[in-house]
Asks: 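Handing you a structure now.
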Amino acid sequence: MNERTTQKIKKQYYEEGTSPLTDTEWDALYEDNKTVGYKSSGDVKHLFRLLSLQKTFSLEELEMWRKQFDSICVRTPKLDGSAISVQYKGGRLDIAATRGDGKVGIDITEKARFLVPEEICIAGAVQIDGEVVVPKGFANARNYAAGSLNLKDINAYRERLYDLCFIAYDLKCREHIEQSNTWTQLMGTLSREGFKTVTDQGLSDVYPTDGEVYRVNNLSEWRAHGSTSHHPRGSMAFKIQKEGVETTLLDVVWQVGKSGVVSPVAVLDPVEIDGANVSKATLHNIQYIRDLNLELGCRVEVIRSGEIIPRVVRRLDEK
C-alpha cells in the first residue's frame with residue numbers, strides 16, 4: 001500500500017468516521033496504532049503520555065510478572081474502544097485529544113463536552129485517560145468509536161451520542177491527590193466526580209472487551225517500577241485467545257512488509273469473527289504452510305491472534 005493510499009485511509013478512519021478497513025484489517029496493517037502518522041491542523045499535546053500495555057496470552061507469564069510486586073494487583077476488563085485523554089485546569093474542562101502517537105493527538109474538545117463533566121472538584125492540571133466505547137453488536141466497534149470522535153460535522157456526531165460512552169481508567173496530575181494511595185482510590189475519586197470507570201460492575205456485559213488488565217494497586221510501588229518507552233512496568237494486559245472459526249483457503253498471495261520481508265497471506269472465504277468480516281489471514285512463512293500441510297481449497301481454522309491479526313492455526317480436513 002503506497003503512502004498516498006495509507007494517508008487517505010487514515011483520514012477516513014480518524015476524521016470522517018468511515019473506512020474501507022475493518023478493525024481486524026486495520027490492526028493487521030497498523031499494529032497497536034503506533035504507526036498512525038495522520039496529522040491534522042488540530043493536533044494537541046497530552047499532559048502525560050498515553051502508553052500502551054505490555055501483553056501476554058500466557059497465564060504462566062502473567063503469574064511470573066505478578067510475583068515482582070509486593071502489593072496486590074487489581075483486575076479490570078480490557079475495553080476495546082478508542083483511547084483519549086481529557087485535561088482539566090482549575091477544575092474546568094480545558095482540552096481533550098485522541099491517543100494519536102501517545103504524545104500528540106487530535107483535538108476533540110468540542111465532542112468530549114458531550115461525554116464528560118464540564119467541571120470537577122480537583123484543582124491544578126489534571127489528565128483523565130479512558131476509552132470511548134460503543135455497546136456490543138457493532139461490527140467494527142473501535143472503528144465506529146474513533147470515527148465518531150473525528151467527524152467534522154458536529155451534528156452528525158451528536159446523532160451518534162446515544163451509542164458512545166467514555167469510561168475512565170487513569171487519573172494523572174502534577175499535584176498530590178489527597179487520600180489517594182491506591183489506584184482504586186483514584187477510580188473512586190473519578191466516580192464521585194461523575195465519571196464511569198473500569199472498576200464499575202458489569203462493563204464486560206455491555207461493551208466489547210479483548211482481555212483483562214492487571215495493575216499494581218499501590219501507586220507508590222506502581223510509579224517506582226517506572227516504564228519503558230512503550231509501556232508501564234506495573235500494568236499487564238492478559239489477552240484471551242478466542243476459539244477459532246472454520247472457513248476455506250481460497251488462495252495464497254505474497255506481500256512485502258515494512259521491513260522488506262516477503263511473507264504469505266491466506267485469502268479466505270469471508271467469515272465473521274467477533275463481529276468483523278475476515279477475508280485474509282497471516283501464514284508467517286513457507287515453512288508454516290508446509291507444517292500445516294495447507295492446500296488451496298482445504299478447510300482451515302482461523303483465530304484473531306496477538307493484536308487481533310487473523311491467523312490460520314490448522315487444517316481441518318486432513319485425511
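Remember, predicted model here, so these are calculated numbers, not experimental data. The first residue in the sequence is number 1, and the count goes up from there.
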Asks: Can you name the nearest heavy-atom pair linking Tyr88 to Glu118, along with the distance?
Replies: CE2-O, 3.8 Å
Asks: Do Ile128 and Val116 touch side chain to side chain, with heavy atoms closer than 4.5 Å?
Replies: no
Asks: Testing the basics here: between Asn293 and Arg315, what is the closest heavy-atom pair and its distance to 0.1 Å?
Replies: O-NH1, 2.7 Å
Asks: Under a 4.0 Å N-O cut-off, is there an ion pair linking Glu212 with Lys78?
Replies: no
Asks: Please name the pair of heavy atoms, one in Ala168 and one in Leu190, separated by the smallest distance, quoted to 0.1 Å.
Replies: CB-CD1, 3.8 Å
Asks: Looking only at atom types and distance, does a side-chain atom of Glu193 sit under 3.5 Å from a main-chain N or O of Cys121, one as donor and one as acceptor?
Replies: yes
Asks: Taking atom OG of Ser52 and atom CZ of Arg99, what is their separation to the nearest 0.5 Å?
Replies: 4.0 Å
Asks: Can you confirm whether more than 12 heavy atoms, excluding those of Arg158, are under 6.0 Å from its CZ atom?
Replies: no
Asks: Donor-acceptor pairs under 3.5 angstrom involving side-chain atoms of residues 130-137: please list them, not counting sequence neighbours.
Replies:
{"residue": "Glu131", "atom": "OE1", "partner": "Gly81", "partner atom": "N", "Å": "3.1"}
{"residue": "Glu131", "atom": "OE1", "partner": "Ser82", "partner atom": "N", "Å": "3.2"}
{"residue": "Lys136", "atom": "NZ", "partner": "Ser204", "partner atom": "O", "Å": "2.7"}

Asks: For His284, what residues pass the ring-ring contact (aromatic ring centres under 6.0 Å, His included) criterion, not counting sequence neighbours?
Replies: Tyr288
Asks: Val213 vs Val198, test: side chain to side chain contact (heavy atoms under 4.5 Å, CB included). Steps then yes/no.
Replies: CA-CA 10 Å; Val213 176; Val198 288; over 6 Å; no
Asks: Mind checking side-chain contact (heavy atoms from CB on, under 4.5 Å) for Ala156 and listing every partner two or more places apart, or none if nothing turns up?
Replies: Leu151, Asp153
Asks: Suppose we screen for side chain to side chain donor-acceptor pair (under 3.5 Å). Which residues come up paired with Thr247, at least two apart in sequence or across chains?
Replies: none
Asks: Is Ile289 reachable from Val253 through a run of I, L, V, M, F, W or Y residues, each pair having side-chain heavy atoms under 4.5 Å apart?
Replies: no
Asks: Among pairs that include at least one residue of residues 59-69, which meet salt bridge (Lys or Arg N to Asp or Glu O under 4.0 Å), considering only residues two or more places apart or in two chains?
Replies: Glu63-Arg66
Asks: Check step by step if side chain to side chain donor-acceptor pair (under 3.5 Å) holds for Arg215 and Ser235.
Replies: CA-CA 4 Å; Arg215 174 178 173 134; Ser235 300; 4.6 Å; no
Asks: Carefully, step by step, assess Asn217 and Thr184 under the rule side chain to side chain donor-acceptor pair (under 3.5 Å).
Replies: CA-CA 7 Å; Asn217 196 30; Thr184 49; 3.3 Å; yes
Asks: So Ser263 and Gln255, do their side chains get closer than 4.5 Å, heavy atoms only?
Replies: yes
Asks: Strictly below 4.0 Å, N to O, side chains only: are Arg49 and Asp129 in salt-bridge contact?
Replies: no
Asks: Keeping Glu221 on the side-chain end and Ser71 on the backbone end, is there a donor-acceptor pair under 3.5 Å?
Replies: yes
Asks: According to ring-ring contact (aromatic ring centres under 6.0 Å, His included), does anything in residues 187-227 pair up with another residue at least two apart or in another chain? List the pairs.
Replies: Phe69-His225
Asks: On a heavy-atom basis, which atom in Pro270 and which in Asn277 lie closest, and how many Å separate them?
Replies: CB-OD1, 3.8 Å
Asks: Report the distance from atom CZ of Arg233 to atom CG of Leu51, rounding to the nearest 0.5 Å.
Replies: 11.0 Å
Asks: Check this for me: does any side-chain nitrogen of one of Arg299 and Asp317 sit under 4.0 Å from a carboxylate oxygen of the other?
Replies: no
Asks: State, yes or no, whether a side-chain contact exists between Val252 and Val267 at a heavy-atom distance under 4.5 Å.
Replies: no
Asks: Is it the case that one hydrophobic cluster holds both Leu149 and Leu93, taking links as side-chain heavy atoms less than 4.5 Å apart, direct or via other members?
Replies: yes
Asks: Are Val126 and Lys172 side-chain neighbours, meaning at least one heavy-atom pair lies under 4.5 Å?
Replies: no
Asks: Verify the distance criterion only: is there a donor paired with an acceptor across the side chains of Gln287 and Asp291 at less than 3.5 Å?
Replies: yes
Asks: Verify, without hydrogens or angle tests, whether Gln127 (side chain) and Ser85 (backbone) share a donor-acceptor contact under 3.5 angstrom.
Replies: no
Asks: Can you tell me how far the CG atom of Leu296 sits from the OG1 atom of Thr248, to the nearest 0.5 Å?
Replies: 11.0 Å
